[in-house]
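Note: hydrogens, waters and symmetry copies are ignored here, and every other heavy atom, side chains too, is used.
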Amino acid sequence: MEDTERSGSASEETHHYVSHTSLSSPDAYAANPRFRQLQEELRYVLFTAVASHGPSRCPSPTRTGSELVETAASKFWKQSLDSAQVPIPKARLIYYLKNWITECAPHLDKFDENSHFGVQIPILAQNSPSLLYAILAFSARQSERKACFKNSRDSLELYQESIRLLTPYLQTRDPNVLMTACILACMELMSVSARGWRRHVEGCAALFDSYMINGFSGGHLQAVFWCYARMELCGVIISDGTESTVLPLDKWVPQEATVGVSPDKKEDQIRDLFYAKGSSTPDMHANWAVYLCTKTCNLTCRRSRSVELGEVDQDDPRPFSEQWVRLWEELQFWREHRHPAMLPVKATSMDDEQTFPNILFAHWAAISGNQLYHTACIMMLEMKPLNIPLSSSSPYCSAIWHARRVCGISLTNPHSGSLINAIQPLYIAGKLLTHWDEHLEVARLFRTIESTTGWGALWRLRDLEQAWGYEANEILSAI
């Protein structure tokens with residue numbers, strides 16, 4: 001009888017969430033004093049833990065600390081959600097857990113055939129209360145954002161509880177803290193203005209550096225790393241050439257590929273590393289696209305500092321034109337050697353009735369992977385040195401060709417995780433579009449992303465309105 005009553009309560013709660021249609025403002029969440037206090041507390045906890053431990057390639061809890069954590073976790077899971085230390089009904093907590101598995105995890109697993117966020121991490125959360133509460137907090141915030149539920153009490157309660165329970169795991173150097181910190185950072189990035197992206201990823205960067213976890217570490221830690229890497233990429237695109245990544249790109253790959261070698265040799269080794277892994281799995285080929293697009297953003301930043309401001313490039317002594325040619329060749333190598341699953345299963349060229357081409361992919365990773373390739377090419381062509389000749393007849397050398405494909409990929413492939421990943425590529429591509437019909441299609445895409453996923457996207461449309469020369473909300477009111 002009790003379970004029946006709880007199920008009824010859950011139905012009422014979920015109905016309450018899905019009954020809204022307007023979108024809540026992420027800025028209101030950012031202005032909440034409690035959220036800001038918790039965010040600062042999380043940063044302090046993470047940086048304090050990193051400062052108290054030196055780098056360790058194989059993080060493992062001490063025996064005493066491990067026993068302490070395992071005892072607490074066992075007690076927590078035995079009690080389950082019946083006596084959770086948050087003032088939220090059990091039925092609602094169960095709803096958030098189901099929402100994580102069905103709605104949230106697929107967004108984060110879009111580059112991962114093994115679905116670590118949807119399968120492995122919930123299993124690991126059975127022995128990690130801080131990780132479980134991070135999952136629940138993310139799911140609660142996604143529900144609030146998607147349904148425009150302005151009362152954010154649930155997500156804040158769960159966010160606070162995850163931070164409170166995180167400290168013992170940091171003290172014992174439990175690797176689960178990487179997953180907890182990354183999920184909480186994703187929640188922050190989803191909830192508030194993405195312009196403050198560095199504050200959301202700095203703690204994660206410090207942890208990955210301290211634990212020496214990179215994009216080739218394997219298992220769920222590798223999956224979590226690439227989730228973090230996509231946040232970094234989002235941030236450096238937003239910075240528009242003014243900032244580079246928080247975690248240096250050399251630390252995205254194993255040290256042996258980057259230490260003590262020339263820039264050319266290092267690039268050869270990193271390319272070979274990605275190619276060897278990517279030839280057997282489309283996931284790593286897509287992660288390679290994340291790496292290359294981020295590398296493009298970093299090159300844009302270094303160009304701004306060295307070419308425009310006259311600063312000495314401390315990262316790469318080669319002339320900018322030489323760096324540009326090498327990265328352009330790497331991008332075309334990525335395209336030419338794609339895993340078969342990364343190729344479109346159907347592509348149609350534009351005609352008089354189509355604003356953008358139809359490009360359909362069967363694999364989730366292929367959607368965002370190819371879109372990031374086109375995004376990187378746009379940025380590369382925009383900063384191409386004048387003395388480098390490219391074929392005027394090749395579509396790969398046309399920025400507007402790449403831009404239309406970025407838009408066409410999102411229109412043809414409605415996978416919600418890939419739509420979230422498309423927010424920044426659509427902005428980069430959208431700036432090159434000049435026709436009213438193109439602007440309307442892109443505007444509809446941004447509205448769809450925000451209304452169906454809960455992730456803030458319309459702020460980027462407002463940036464495009466300004467770039468296109470419209471009045472504020474002019475294009476938004478027309479769709």
Side-chain angles (χ1 to χ4, degrees), residues 229 232-253 257-258 261-275 278 285-338 369-406 424-425 427-429 431-432:
E232 278 261 45
L233 175 55
C234 171
V236 290
I237 291 178
I238 292 169
S239 72
D240 197 22
T242 62
E243 296 179 285
S244 58
T245 56
V246 178
L247 186 66
L249 278 179
D250 281 358
K251 295 186 177 182
W252 289 31
V253 297
T258 62
V261 296
S262 66
D264 283 330
K265 180 66 173 177
K266 178 174 69 175
E267 288 171 339
D268 285 341
Q269 293 183 169
I270 293 174
R271 182 200 62 196
D272 293 344
L273 189 61
F274 274 109
Y275 178 63
H285 206 94
N287 291 331
W288 188 6
V290 175
Y291 174 87
L292 290 174
C293 195
T294 309
K295 187 176 180 179
T296 302
C297 292
N298 278 358
L299 182 62
T300 304
C301 180
R302 298 208 312 277
R303 174 182 179 273
S304 299
R305 293 174 179 174
S306 62
V307 176
E308 298 178 5
L309 300 179
E311 297 180 4
V312 176
D313 190 342
Q314 301 291 345
D315 297 315
D316 195 329
R318 296 174 299 178
F320 173 76
S321 59
E322 186 177 334
Q323 295 181 50
W324 189 97
V325 168
R326 180 57 193 260
L327 182 50
W328 181 257
E329 290 174 347
E330 287 184 63
L331 285 164
Q332 305 321 310
F333 183 92
W334 181 94
R335 172 182 56 82
E336 293 166 0
H337 295 83
R338 281 174 291 178
N370 282 275
Q371 197 169 49
L372 291 176
Y373 158 76
H374 292 298
T375 303
C377 287
I378 293 170
M379 292 188 288
M380 289 290 288
L381 291 168
E382 288 179 337
M383 61 175 171
K384 183 183 78 69
L386 295 176
N387 62 336
I388 297 177
L390 291 178
S391 172
S392 58
S393 61
S394 172
Y396 303 111
C397 302
S398 167
I400 190 63
W401 182 83
H402 288 289
R404 290 195 173 110
R405 294 186 79 82
V406 167
Q424 304 311 323
Y427 169 75
I428 295 294
K431 290 190 296 182
L432 300 182

* **Sequence-distant partners of Tyr427, side-chain hydrogen bond (donor to acceptor under 3.5 Å, both in side chains), two or more places apart** => none
* Decide yes or no for Leu233 and Leu372: does some side-chain heavy atom of the first lie under 4.5 Å from some side-chain heavy atom of the second? => yes
* Taking the six-membered ring of Phe320 as reference, does the NZ or CZ atom of Arg302 fall below 6.0 Å from its centre and within a 45° cone about the axis? -> no
* Any residue meeting ring-ring contact (aromatic ring centres under 6.0 Å, His included) with Trp328, in chain and number order, not counting sequence neighbours -> Trp324
* Looking only at atom types and distance, does a side-chain atom of Thr242 sit under 3.5 Å from a main-chain N or O of Ser239, one as donor and one as acceptor? -> yes
* **Side chains of Arg335 and Leu331 in contact at under 4.5 Å (non-hydrogen atoms)** => no
* Ser262: partners by side-chain contact (heavy atoms from CB on, under 4.5 Å), with sequence neighbours left out -> Asp264, Lys265
* Roughly how far, to the nearest 0.5 Å, is OG1 of Thr258 from CD1 of Ile270? -> 6.5 Å
* Asked: Does Arg326 have any side-chain hydrogen bond (donor to acceptor under 3.5 Å, both in side chains) partners at least two apart in sequence or in another chain, and if so, which?
  -> Asp268
* **Thr245 backbone acceptor or donor facing Glu232 side chain under 3.5 Å** => no
* Closest non-hydrogen atom pair, Leu432 against Ala403 -> CD1-CB, 4.0 Å
* Can you sort out the partners of Arg338 under salt bridge (charged side-chain N to carboxylate O under 4.0 Å, His left out), two or more places apart, ordered by chain and number? => none
Sequence neighbours excluded and cut-off under 3.5 Å, please list the side-chain donor-acceptor pairs for residues 377-388, or say none.
| unit_1 | atom_1 | unit_2 | atom_2 | d |
| --- | --- | --- | --- | --- |
| Lys384 | NZ | Ile388 | O | 2.7 |

* To do: Go through the structure and list residues passing salt bridge (charged side-chain N to carboxylate O under 4.0 Å, His left out) with Lys295, not counting sequence neighbours.
  => Glu267, Glu330
* Classify the ring geometry between His374 and His402 as parallel (under 30°), tilted (30 to 60°) or perpendicular (over 60°). => tilted
* Asked: With distance as the sole criterion, is a donor-acceptor pair present between the side chains of Arg303 and Gln323 under 3.5 Å?
  -> no
* To do: Check ring-ring contact (aromatic ring centres under 6.0 Å, His included) between Phe274 and all other residues, then give those that pass, not counting sequence neighbours.
  => Phe216, Trp288, Tyr291
* Asked: So, do Trp252 and Thr294 sit near enough that their side-chain heavy atoms are less than 4.5 Å apart?
  -> yes
* Asked: At what distance, to the nearest 0.5 angstrom, does CD of Gln424 lie from SG of Cys293?
  -> 10.5 Å
* Can you sort out the partners of Glu243 under salt bridge (charged side-chain N to carboxylate O under 4.0 Å, His left out), two or more places apart, ordered by chain and number? => Arg198
* Which residues share a side-chain hydrogen bond (donor to acceptor under 3.5 Å, both in side chains) with Arg271, sequence neighbours left out -> none
* Asked: What pairs with Tyr275 under ring-ring contact (aromatic ring centres under 6.0 Å, His included), at least two apart in sequence or on another chain?
  -> Phe333, His337
* Which heavy-atom pair separates Ala257 from Lys266 by the least distance, and what is that distance? -> O-CG, 3.6 Å
* Asked: Can you name the nearest heavy-atom pair linking Gly369 to Ala289, along with the distance?
  -> O-CB, 3.4 Å
* Asked: Got a sec, which residues hit side-chain hydrogen bond (donor to acceptor under 3.5 Å, both in side chains) with Asp240, two or more places apart in sequence or on another chain?
  -> none
* Asked: Between Thr300 and Thr296, is there a donor-acceptor pair closer than 3.5 Å when you use the side chain of the first and the backbone of the second?
  -> yes
* **Minimal non-hydrogen separation, Cys301 against Ser244, with atom names** => SG-N, 3.7 Å
* To do: Indicate yes or no for a side-chain donor-acceptor contact from Gln371 to the backbone of Val406 under 3.5 Å, with no hydrogens or angles considered.
  => yes
* **Under 3.5 Å donor-acceptor, His285 side chain and Trp334 backbone** => yes
